[in-house]
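Every value quoted in this text rests on a predicted model; they were computed, and no experiment measured them. Only this structure's heavy atoms are used, side chains among them; waters, hydrogens and symmetry mates stay out. Ligands are counted one by one from 1 in listed order, and the atoms in each one are counted from 1 as well.
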Amino acid sequence: MKHLIDPTDLSVEEIDGILNLALDIISNKERYSEACKGKKLATLFFEPSTRTRLSFEAAMMELGGNVLGFSSADSSSATKGESVGDTIRVVGCYADIIAMRHPKEGAPMLGSMVSPVPIINAGDGGHNHPTQTLTDLLTIKREKGDLNNFTIGLCGDLKFGRTVHSLIKALSRYEGIKFILISPKELKVPDYIITEVFEKNNIDYEEVTTMEEVMSKLDIIYMTRVQKERFFNEADYVRLKDTYILDKSKLKNAKETLSIMHPLPRVNEISTELDDDPRAAYFRQALNGKYVRMALILTLLGVNV
Ligand code: NCD
């Protein structure tokens with residue numbers, strides 16, 4: 001049985017298979033509408049979410065399956081002191097597959113060790129978010145036509161942003177990608193990403209503190225929110241929260257073919273004046289999240305259509 005905890009749990013070939021399946025679902029929706037009939041997905045969200053939980057639920061519904069679950073730790077037996085392991089063992093008796101989000105790094109991994117059904121990590125603390133990464137990869141494939149040979153700027157909270165950590169790990173396995181890391185020095189990517197991913201694999205990367213100095217080189221800019229809930233003190237958050245605001249003036253030297261991505265939710269780091277710019281890919285990205293989760297559910301359940 002296969003779980004998805006870290007983006008590298010899937011080989012590049014398996015990821016390509018999931019992305020191609022998502023593309024087939026997009027063009028042949030009816031063919032998949034009963035693919036998961038009689039199956040249940042449990043969404044166990046110990047931390048808030050809009051897109052991830054609802055796109056998982058919509059994905060299972062569009063496959064003809066059913067969903068159950070909870071959307072905050074307060075409404076689960078975690079408040080009574082139940083361990084993650086026990087919750088997973090029990091929910092594994094009711095559902096065929098589980099998507100789980102937890103504020104503690106490693107909680108979904110722990111769950112997968114005792115789970116009788118596949119576990120999908122829907123975000124663990126500041127660590128990983130592999131299904132957002134699949135969403136991002138499908139978006140890059142659809143917007144750019146290829147997952148190789150481009151320059152991507154990752155901007156904002158690169159320290160606590162789990163979507164960034166997972167995306168870097170996944171993209172590090174493709175060819176000819178240059179990473180430009182744009183953050184204040186307090187929010188740089190963790191050291192393990194530099195040593196274990198970039199240096200170990202001899203990958204081209206650069207760290208800068210402003211987006212203006214690199215904008216003209218970028219094929220993709222991946223904006224992120226400063227992760228308020230992971231700061232130890234409010235004053236640091238307040239000082240850093242408005243460091244980067246992407247607006248029309250900042251795009252002056254940008255390529256016409258730039259893609260602007262954001263995992264969402266947005267706070268103020270992309271001005272709404274860009275929402276109608278054809279380069280703004282973030283709402284298309286959110287839609288891709290549903291299709292790629294449909295493909296992932298089918299793959300982990302071993303359903304062939
Ligand atoms: C992200 C997350 O939860 O890490 N959201 C999402 O799943 N699309 C990004 C964020 O919360 O900033």
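Close approach to Thr52 involves these atoms of ligand 1, each under 4.0 Å from a residue heavy atom: 6 (C), 7 (O). Short contacts between ligand 1 and Arg225, defined as distances under 4.0 Å to a heavy atom of the residue, involve ligand atoms 10 (C), 11 (O), 12 (O). Annotation for ligand 1: atoms under 4.0 Å from non-hydrogen atoms of Leu264 are 1 (C), 5 (N), 6 (C), 8 (N), 9 (C). Close contacts of ligand 1 with Arg101, meaning ligand atoms under 4.0 Å from a residue heavy atom, involve 3 (O), 7 (O).
Using a 4.5 Å heavy-atom threshold, the side chains of Met109 and Ile119 count as separate. Between Val226 and Val267, every side-chain heavy-atom pair lies at or beyond the 4.5 Å cut-off.
Close N/O approach between Gln227 and ligand 1 is found [any backbone or side-chain N/O within under 3.5 Å].
Atom 4 (O) of ligand 1 has its closest protein heavy atom at Arg162 NE, 2.8 Å.
The shortest heavy-atom distance from Pro265 to ligand 1 is under 4.0 Å.
Ring pair Phe70/Phe45: centre-to-centre distance not below 6.0 Å. Ring-centre distance between Tyr205 and Phe179: not below the 6.0 Å cut-off.
Using bins of under 30°, 30° to 60° and over 60° for the plane-to-plane angle, the ring pair Tyr192/His165 lands in the perpendicular bin.
When the options Asn128, Thr135, Asp136 are evaluated for a side-chain hydrogen bond (donor to acceptor under 3.5 Å, both in side chains) with Gln132, the one that passes is Asp136.
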